[in-house]
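Working notes, beginning with the structure itself.
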Amino acid sequence: MSFSNKTIIVTGAGGGMGKATVELLLKENANVVGCDLHIDSLVAFEDQSQFLSFEGNLLNENNVKDIFEKTVQTFGQIDGLVNIAGVAQSATPIEEISLDEWHKIMDMNMTMTFLTCREAAIYMKKRQQGAIVNIGSVSTTRPRPGLQAYVGSKGAVESFTKALALELSPDHIKVNVLHPGPADTEMLGQFTKQGENVNDTKKAVFESSVPLGKLLQPTDIAQSIKFLLSDEANMITGSVLHVDGGRSI
Ligand SMILES: NC(=O)c1ccc[n+]([C@@H]2O[C@H](COP(=O)([O-])OP(=O)(O)OC[C@H]3O[C@@H](n4cnc5c(N)ncnc54)[C@H](O)[C@@H]3O)[C@@H](O)[C@H]2O)c1
């Protein structure tokens, strides 16, 4: 797998899976553009000429346009987009979810994915090639109570991915969705109910639900993202890849 001369935009780059993906793609000699609301965790990469970072809200259309424009100005082209940015939902009964909270979760997980994919399509169609990987969640097939907005938003990401894969296949652009299982990042603790002990829940609820017996590591997800972006996956589009230690069975 060679990523030399390839340029990949990674959203959510400052978080657990995002940072691991940036690190792996840089090791593979890709040019990487890392975008996040907070980029403090990415300072270690800042001195590398193959790395560019953007701090800002990806729900802002102008920020998204700016990122794609600056990427092309700097690296000349865009070969891949990985949508990792997203938010969790604290387990809450549906009658306690406000409309604002509902919109926030749908926007952060689905609308943000729409905005970056729309921009990627403009650039990738011009070159008649490209690969997009959207991150969903195993909860789309194995939901947990109280996560209705989160699960709904990630189900939308899966359907959107399939629709876009079909739409963009005449332009040789691959679009796939990867559903992670419970992963050992900051976000996992945010799915717990208010007042629950995060570490106890991580072990008793999440870890014990994975048939392979352990939480996913961000690097497990990064390796599979790398595969979906690679030329080895050239005939894979509209697919759902479960990287979940068997949780979706
Ligand atoms: N951790 C898990 O157990 C798990 C399981 C299944 C799916 N996922 C999904 O995997 C993805 C990554 O999760 P993670 O565990 O690395 O989470 P994380 O919280 O460590 O990272 C998410 C990143 O997204 C960024 N982000 C959120 N909203 C943004 C916005 N509007 N603009 C720019 N950046 C924004 C955050 O700042 C954060 O750095 C998410 O989409 C999540 O829903 C996570």
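Just so you know, these numbers use all the heavy atoms, side chains as well, and skip hydrogens, waters and symmetry mates. Remember, it's 1-based here, ligands and their atoms both numbered in the order they're listed.
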- prompt: Taking it one step at a time, do Glu232 and Asn234 satisfy side chain to side chain donor-acceptor pair (under 3.5 Å)?
  reply: CA-CA 6 Å; Glu232 280 75 0; Asn234 260 355; over 6 Å; no
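Among pairs with a residue in residues 149-163, those fulfilling side-chain hydrogen bond (donor to acceptor under 3.5 Å, both in side chains) read Asn109-Ser153, Asn134-Thr161, Glu158-Lys162, Glu158-His179, at least two apart in sequence or across chains. Among residues at least two apart or in separate chains, side-chain hydrogen bond (donor to acceptor under 3.5 Å, both in side chains) pairs with a member in residues 204-225 are Arg144-Ser209, Lys203-Glu207.
Under the 6.0 Å distance and 45° angle rule, Lys202 does not count as a cation-pi partner of Phe206.
For Arg142, there are no salt bridge (Lys or Arg N to Asp or Glu O under 4.0 Å) partners, not counting sequence neighbours.
A distance limit of 4.0 angstrom between heavy atoms and ligand 1 selects the residues Gly12, Gly14, Gly15, Gly16, Met17, Asp36, Leu37, Gly56, Asn57, Leu58, Ile84, Ala85, Gly86, Met108, Met112, Ile135, Gly136, Ser137, Tyr150, Lys154, Pro180, Gly181, Pro182, Ala183, Thr185, Met187, Leu188.
No side-chain N or O of Gln190 forms a donor-acceptor pair with one of Ser90 less than 3.5 Å apart.
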